[in-house]
Structure formats: C-alpha cells, structure tokens
Asker: 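Below you'll find the structure I mean.
Proteins get letters first, then strands, A, B, ... in listed order; numbering begins at 1 in each.
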Amino acid sequence: MRNLSQIQLQETSIIEDVIEHPLKTKLLEMGFRKGKTVKLIKTAPFGDPIIVELSGYKLIIRKEEAKLIKLAS
Amino acid sequence: MEERTIKIALIGNPNTGKSSLFNQLTGLNQKVGNYPGITVDKKIGYFNLSDSIKAELIDLPGTYSLYPRSRDEELVMEVLSNPLNEHFPDLILVIADATNLRRNLLVFEQIKDLGLPTMLIVNMIDELEKSDVKLDLGRLKYDFNVAAIATNARKGKGIKELKGKIIEIDQKKFVSKEIKLPFNYNAVWEKQLKEILGLENPYLAWHWVAQPHLRTKLTGVAKQKAEDLEKKFNINIQRLISQEIINRYNKIDLIIDECIEDTKQIKSSVITDKIDQFVLHKTWGFFILIGLLLVMFQSIFSWASGPMDLLDNGLAIAASWLGEVLPDTFLANLITQGIIPGISGILIFIPQIALLFLFIALFEESGYMARVVFLMDKLLRPFGLSGKSVVPLISGYACAIPAIMATRSIENWRERLSTLLVVPFMTCSARLPVYTILIALIVPASVTYFGFLSAQALLLLFMYVLAAATALFASLIVSKSLKLKEDSFLIMELPNYKLPRLKNVLYTMYEKTKSFVFGAGKIILSISIVIWLLSSFGPNDKFYNPEKYIDFSIAQVDETQTKESKIESYKLEHSFIGYLGKAIEPAIKPLGYDWKIGIALLTSFAAREVFVGTIATIYSIDATDEETTTIKQKMQNDIDSKTGKPRFGIATSLSLLIFYAFAMQCMSTIAIVKRETKSWAWPIGQAVMMTLLAYLLSFVTYQTFA
Ligand SMILES: Nc1nc2c(ncn2[C@@H]2O[C@H](COP(=O)(O)OP(=O)(O)OP(=O)(O)O)[C@@H](O)[C@H]2O)c(=O)[nH]1
Ligand SMILES: [Mg+2]
C-alpha cells in the first residue's frame with residue numbers, strides 16, 4: 001500500500017488511514033482524515049519537505065511524517 | 001449604575017485574525033502577520049461594551065486543538081483549565097477562518113465542551129465572498145447551538161455588531177447542560193476520574209490527566225490516583241484522543257455539508273500559485289531568497305546613509321550651538337558633553353534600524369516567511385535546527401528578545417533550545433551602530449565594486465553572513481552535545497500571499513524603532529551621566545592641577561596637538577574613569593584595545609549599542625577644538641600619543657568588530673533566556689561561552705593584522 005511520501009507531483013489521491021504513531025493525533029487534527037483528497041503541490045529543492053493541498057488549504061510536511069499517511073489504492 | 005468587567009478570551013487556529021480582531025476591539029497594536037505563530041504570548045487589552053460594562057480582552061497564541069504540541073499552545077489551556085487563573089474568561093470568542101471552517105471548528109467543539117460561554121466568529125468573510133462558496137450562517141448557528149457572527153477583522157467589518165451581540169445575548173443559554181466525553185468510555189472510570197480531580201465536567205477532568213503539562217501540576221496524591229485508575233481501566237490516552245478527533249470531525253462534516261451551499265471546493269489562490277512557481281522553484285527559490293537579503297543589506301547601507309549623515313551633522317551642529325549659548329556651568333557641561341553626545345550616538349541610527357524592521361515586517365506580512373521555512377528545512381536539519389528556526393534566526397537580525405520568544409512555536413525541545421541558544425549570534429540591530437562606525441573606519445566610503453556595490457556594504461554583509469554561519473556551527477555543537485532523543489517533525493500551514501497592509505507594516509516599523517531608541521536611550525542616558533561624572537573628577541591632584549605634572553618640554557609627538565589638548569587628555573587619563581580604564585587595560589591590550597576603548601567595552605556589557613554613546617561622550621569630553629565634528633571624525637582623528645598612530649587602526653577596528661560579533665553583551669537577552677529555559681544554567685553558560693569565544697577570536701584577529 002502506498003503512503004503520502006510516494007505520491008507523484010500534481011497527483012491526487014484519497015487518504016485511507018493514519019498509522020499508529022505519537023504524531024497520529026497531530027496529523028488528524030491538521031486534517032489528514034480518512035476519505036479526504038490530497039494532492040502533491042511541490043517538493044522542496046532537496047526533495048524534502050513537500051507541500052500538499054488538503055480540502056482547500058496547503059500544508060508543509062516532511063516526508064518522514066508523510067509516510068504515516070496511508071493512501072487508498 | 002454599577003460597573004462591571006467581563007473577561008473575554010480570543011481562541012482559534014493560528015493565522016485566523018485573532019490579533020487583528022484584538023486590535024480592532026481594543027485600539028491597541030498587537031503584532032499581526034501572515035504566518036502561523038505570530039502571537040506567542042498572552043496579551044491583555046480593554047474596551048467598553050457599554051457605559052456600564054467594561055471588557056478585558058485576552059489575545060492568545062493560535063492552536064489547532066486543545067492538546068498542545070508547543071510552548072505557545074500550552075498557554076491556552078493554562079488559562080482555560082483553571083477558574084482561579086486571573087484571566088479565566090467569562091466568555092470565549094472562537095475565531096474561525098471562513099475559508100477553512102471544518103478544521104477551524106475542531107477547536108471550537110473542544111472549547112464548547114469545557115462548558116464555558118462561547119461565541120463563534122467567522123472571520124475572513126471577505127475571502128469566502130470572493131469564491132463561489134456560500135455559507136448559511138443561520139443554519140450553522142442553529143446546528144452548533146451557538147451565537148455566531150461574520151467579520152472581516154482586517155477592515156473592521158462586523159465589529160460593532162459583535163460588541164452589540166456580546167451584551168445582548170444571554171450566553172449561558174448556549175452552554176451545554178450535560179457534557180459527555182467525546183469517545184467511548186466506561187462510566188465507572190469517568191465517575192472516579194471526576195472524583196479524583198474534584199471536577200463536575202468530565203471533559204475538563206480528562207484534559208487534566210491527558211495533558212502532560214497540566215498533569216505535572218496535580219498534587220502528588222491526585223497524580224498517583226490518576227495513574228492507578230489509568231492502569232485499572234487500561235486507558236490509552238493517545239488512542240482516545242485520536243477517537244475524539246475523528247468523532248468531532250464526523251459531526252462537523254455532517255453539519256458543514258448542510259451549511260455550505262456550494263459543494264465545490266474552495267480553490268487555492270491562483271495568484272499565490274503563480275508567485276510560488278518562482279519563489280519555491282528548485283533553483284530560483286534560493287536565488288530569490290539570497291537576492292532579497294542582498295537588497296535588504298544594500299538598502300540598509302545606501303538608502304539609510306543620506307538621512308544618517310543629515311542627522312549626524314544636524315546633531316553635531318546642535319551640540320556645538322548649545323555649547324555656545326549655555327553658560328559654562330556644571331549642569332550645562334553635563335548636558336553638552338555628557339548627555340547630548342551619548343544620545344545622538346544612538347539617534348543617528350534610526351534610519352538603518354527602521355529599514356531593517358521594515359524588511360522583516362514585509363517578509364512576515366506578505367506570507368514569504370512561511371516559504372523560507374519550506375526552502376530551508378532540509379538544509380537546517382543537519383545542524384539540529386528545523387525550518388521553523390528560520391523565523392527566530394531572521395528576526396534575530398532585528399533583536400534577540402522577540403526572536404527568542406518566537407522559538408515558542410518550535411515543537412521539539414532540542415531544536416527549540418539550540419535555536420534560542422544561538423540566536424544571540426545573529427547580528428541584532430544593536431550591533432548595527434557599532435559595525436557602521438567601525439566599518440567606516442576600516443573601509444573608505446568611496447570604494448565600490450561594479451559601480452554600485454559599496455565595499456562598506458560588502459563588509460557589513462560579510463558580518464551578517466559570519467553571524468549566520470556561527471549560529472549554525474554553534475547549533476551543531478549544542479545539539480550534538482545535548483543527548484535529547486526526541487522526534488522532530490514539521491507539519492505547518494502554508495498561508496496564501498497577502499498584500500501587506502501598509503498601516504500594519506509602518507506601525508510595526510515605527511513601534512519597534514521607537515522602543516529600540518527609548519530602550520537604548522534610557523540606558524545610554526544613565527551611562528553617559530555616570531561616565532561624565534566619573535570623568536569630571538579624579539582621585540588625586542594630577543587631575544586638578546595637570547599643568548604641574550605635564551612635561552611640556554618633550555618633543556611633540558603630533559604637531560597639531562596644542563597645549564590645551566594635552567592638558568585635556570592628561571586630565572581624562574587621570575580622572576576616575578581613566579584609572580578604571582587603565583585598570584582593565586592589561587586584559588584587553590592583547591586584543592589591541594587601550595583604556596579608552598576599555599571603558600566603552602565595560603559600559604557596553606549591559607547593552608552593546610552603548611559602545612557608540614560611550615565613545616561619543618568620552619571624545620566630547622576630550623575634545624578641545626570648538627569645531628563641529630561628528631563622532632566618526634573624532635574617532636578618525638584620535639591619535640594614540642604613545643605610538644603616534646591612529647587609535648582606531650585597521651587591526652584594532654577589525655578586532656573590535658569581531659568582539660562585538662561574538663560577545664554576549666545584552667542583559668535583556670540573558671533575562672529572557674532564563675525565563676524561556678527556566679534555569680540560570682543556560683543563559684550563564686551561553687554568556688560565558690560567547691564572551692570567551694569573542695575574546696579568543698578578537699585576539700587572533702588583532703595579532704594577525706597588527
Ligand atoms: N482578508 C482578510 N485577512 C485578514 C482578516 N483578518 C486578519 N487577516 C489577515 O490575516 C493574517 C493573520 O492575522 P493575525 O491577526 O496575525 O492572526 P492571528 O490569529 O493572531 O495569528 P497567530 O497569532 O499566528 O495565531 C494577517 O495578514 C491579517 O492581516 C480578514 O478578515 N480578512
Ligand atoms: Mg496573533
């Protein structure tokens with residue numbers, strides 16, 4: 001199963017789940033919820049972090065944290 | 001009629017306009033900026049709701065939920081968790097960004113369950129109106145059972161109505177009668193939890209055990225009981241919080257789907273995307289960043305030099321005019337030789353400092369700062385910092401105090417500590433006067449490269465780059481030696497660009513410059529008086545009857561030195577301050593400083609900008625010629641009578657430049673580091689290390705160039 005760190009530039013995908021992790025609550029609060037669409041907008045010059053669009057707003061997130069977000073296949 | 005005051009708290013997600021609303025209501029000027037995490041401390045203001053009702057308003061840092069991740073977010077629950085807190089509100093205003101209601105309403109739902117009167121403010125309504133999305137506010141109010149109002153805090157729309165509603169509505173009507181925990185739980189556990197904490201509201205009781213920073217405040221007995229209870233019922237706090245968030249979002253989704261008429265998603269701003277194609281470009285992004293910083297430094301030097309020369313000359317003329325019209329009394333001398341030179345030493349730097357503050361305010365107000373976080377994160381991580389360290393580091397170029405405060409939004413303690421320990425290396429505006437004077441002594445103004453880049457500006461730029469490099473290197477050492485294993489993360493909102501509001505930017509610039517001048521002015525005023533007094537008296541006869549001791553027959557080192565100037569110099573050398581300077585001379589001789597510079601060094605340990613004022617005061621006492629001269633000229637003309645060379649030669653000036661770059665000479669910084677780290681060990685260690693480093697490097701510099 002893919003996670004958010006593997007998504008392609010400008011690709012849109014649906015969030016499946018956030019895996020158990022101390023940051024899970026933070027990610028949920030920021031809006032990474034099951035069923036929401038995410039889109040990869042930009043990757044930083046050295047490949048990390050990334051900018052994703054989520055329900056109309058943009059978030060900067062490191063790939064390390066993006067790995068915790070599972071995408072629907 | 002009886003007067004009463006109601007306490008109101010502003011709470012909501014970061015960057016939603018809380019401080020803007022605070023300013024609209026109170027008429028104050030709390031700092032506003034387009035970056036999540038501008039407000040990091042609470043701020044109180046007052047306004048009148050009616051003739052008999054006053055309101056105390058508290059502006060708080062933004063937070064995405066009541067479960068804090070960083071120091072600034074903790075402040076919210078510190079105020080709300082305890083009815084005995086002096087700012088515990090009678091009414092909470094939750095500010096939500098109209099274009100992002102779902103996520104903004106999460107904290108609203110949590111607040112509502114604290115059982116306090118709560119009102120909802122749907123702000124940035126202008127942004128929503130710009131898109132096709134229509135909001136049914138009536139329905140929103142009904143479904144969430146709350147009084148709500150739409151506002152535009154930037155323009156001040158809806159503020160009158162808000163004030164009216166606050167008095168009119170009986171807020172108690174909307175307070176939930178029975179509060180249920182937002183996850184599945186065992187009724188026995190809930191009952192015992194309430195008992196242990198002595199609280200009626202289970203959700204509040206839950207926060208006291210679920211939040212580590214509140215839990216540490218419990219009494220020993222309660223803490224033990226809470227732990228036992230947790231074991232007995234096998235409570236997994238994190239899992240329950242996750243459940244809470246999911247449940248709350250489900251409820252919000254159901255309601256919002258009904259209230260927002262156009263299901264089309266709010267489109268991200270087209271302009272923002274266009275700008276970001278360049279600003280966040282893989283290679284151009286860095287060039288733009290470097291270019292912007294270059295423009296900033298170049299303008300500090302070139303744009304500011306005109307007004308600075310005007311001020312410098314004007315003040316010199318004023319001082320000599322006063323010297324002529326005032327009678328030759330003790331008090332008049334104190335004013336013309338002590339206070340005026342000292343104060344003008346700082347006044348002439350107003351243009352530079354104002355420009356610096358202007359640029360930083362523009363970075364923040366436009367939304368560019370958040371982009372720098374994105375660009376720099378990866379580069380900063382090897383040094384034990386995060387992208388979020390960028391804001392404290394860049395604001396450190398203005399002043400270390402707000403910069404250290406700004407570290408509160410960094411979630412990871414190791415990164416926060418590294419950041420706040422190295423921030424004082426950044427070239428703060430107090431160093432600018434010192435650098436400007438010294439650089440002018442080292443490089444002539446006429447030298448330019450490519451016809452426009454002045455050599456002076458380049459040397460200044462080098463000092464700024466050196467500061468950043470030192471900060472990074474120091475941070476590397478700090479974070480390597482701190483054996484703190486804590487996961488670092490970066491999840492941050494990227495705001496859309498906004499046209500900076502001229503009023504906000506100019507006000508920030510004015511306010512910061514004013515407080516710099518007045519803050520520095522007070523210290524300089526008192527130090528100038530002390531120095532003048534110490535130089536007006538001496539411990540022995542050599543001061544009072546110099547003619548008896550000076551051997552005028554010795555060949556003049558310098559032809560221009562007249563008899564009077566020899567006497568003045570001799571007197572200064574044998575005044576109290578002269579002896580003081582001489583006493584420390586052995587320690588600073590290896591750095592290339594004599595006793596005069598020693599005095600300036602000594603006085604600037606409380607605040608570095610005092611250097612210029614002290615030098616100005618000393619030179620005006622020493623000056624015998626009645627001609628109008630600026631501080632710079634006085635320093636240039638000063639000849640060391642022993643060597644016959646200028647006192648501020650290249651080696652000495654460079655060594656001083658290095659000393660001021662590295663030394664910790666700021667009492668306020670020490671105090672603020674103590675407050676933010678809650679220990680004396682950090683600020684003292686920091687000050688000692690920085691000053692040792694300064695001594696060592698200045699020594700090397702002087703010995704190399706001398
Ligand atoms: N278009 C628009 N912009 C607004 C409105 N209210 C505030 N702003 C802008 O939004 C940005 C954030 O405003 P602040 O008042 O600093 O927000 P805050 O909630 O105090 O932010 P933090 O202190 O970081 O939590 C600023 O650039 C404001 O000018 C509004 O109603 N409409
Ligand atoms: Mg604010």
Asker: Does B:Arg381 come within less than 4.0 Å of A:Asp48, counting only side-chain N to carboxylate O?
Answerer: yes
Asker: Below 4.5 Å from any heavy atom of chain A, which atoms of B:Asn104 appear? Answer side chain, backbone, both or neither.
Answerer: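 The answer is neither part of B:Asn104.
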Asker: So what's closer than 4.5 Å to chain B heavy atoms on A:Ile41: side chain, backbone, both or neither?
Answerer: neither
Asker: Hey, which of B:Leu490, B:Ile491, B:Leu494, B:Leu375 has the most heavy atom pairs under 4.5 Å with chain A?
Answerer: B:Leu490
Asker: Can you tell me which portion of B:Ile245 sits under 4.5 Å from chain A's heavy atoms? Options are side chain, backbone, both or neither.
Answerer: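 For B:Ile245, the contact with chain A is made by the side chain alone.
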Asker: Does any heavy atom of chain A fall under 4.5 Å from the side chain of B:Ser488, the backbone, both, or neither of them?
Answerer: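 Contact with chain A is through both the backbone and side chain of B:Ser488.
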Asker: With chain B as the partner, which of A:Thr25, A:Val18, A:Ile61 has the greatest number of non-hydrogen pairs under 4.5 Å?
Answerer: A:Thr25
Asker: Examine whether an atom of B:Thr283 lies under 4.5 Å from a heavy atom of chain A, and if so say whether it belongs to the side chain, the backbone or both; otherwise answer neither.
Answerer: neither
Asker: Salt bridge or not for B:Asp276 and A:Lys58, using N-O below 4.0 Å?
Answerer: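 The answer is no: the pair does not qualify as a salt bridge.
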Asker: Salt bridge check: are A:Glu29 and A:Lys26 linked by an N-O gap of less than 4.0 Å?
Answerer: no
Asker: So, B:Gln238 and A:Glu20: side-chain donor and acceptor under 3.5 Å apart, yes or no?
Answerer: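 Checked: B:Gln238/A:Glu20 side chains show no N/O donor-acceptor pair below 3.5 Å.
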Asker: Of all of B:Arg239, B:Arg248, B:Arg69, which one pairs up most often with chain A through heavy atoms under 4.5 Å apart?
Answerer: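 Heavy-atom pair counts peak at B:Arg69.
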Asker: Taking the inter-plane angle between the rings of B:Phe183 and B:Tyr185 on a 0 to 90° scale, is it parallel (under 30°), tilted (30 to 60°) or perpendicular (over 60°)?
Answerer: perpendicular
Asker: Which answer fits B:Leu106, side chain, backbone, both or neither, if we ask what part of it has an atom under 4.5 Å from a heavy atom of chain A?
Answerer: side chain
Asker: I'd like to know which of B:Met492, B:Lys282, B:His281 tops the heavy-atom pair count under 4.5 Å against chain A.
Answerer: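 Most heavy-atom pairs under 4.5 Å with chain A: B:Met492.
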Asker: Considering only NZ, NE, NH1 and NH2 on the basic side and carboxylate oxygens on the acidic side, decide whether B:Asp377 and B:Lys388 come within less than 4.0 Å.
Answerer: no
Asker: Should B:Tyr249 and B:Glu109 be marked as a side-chain hydrogen bond (donor to acceptor under 3.5 Å, both in side chains) after you check the CA-CA gap, both sets of side-chain angles, and the distance that decides it?
Answerer: CA-CA 9 Å; B:Tyr249 267 136; B:Glu109 279 287 287; over 6 Å; no
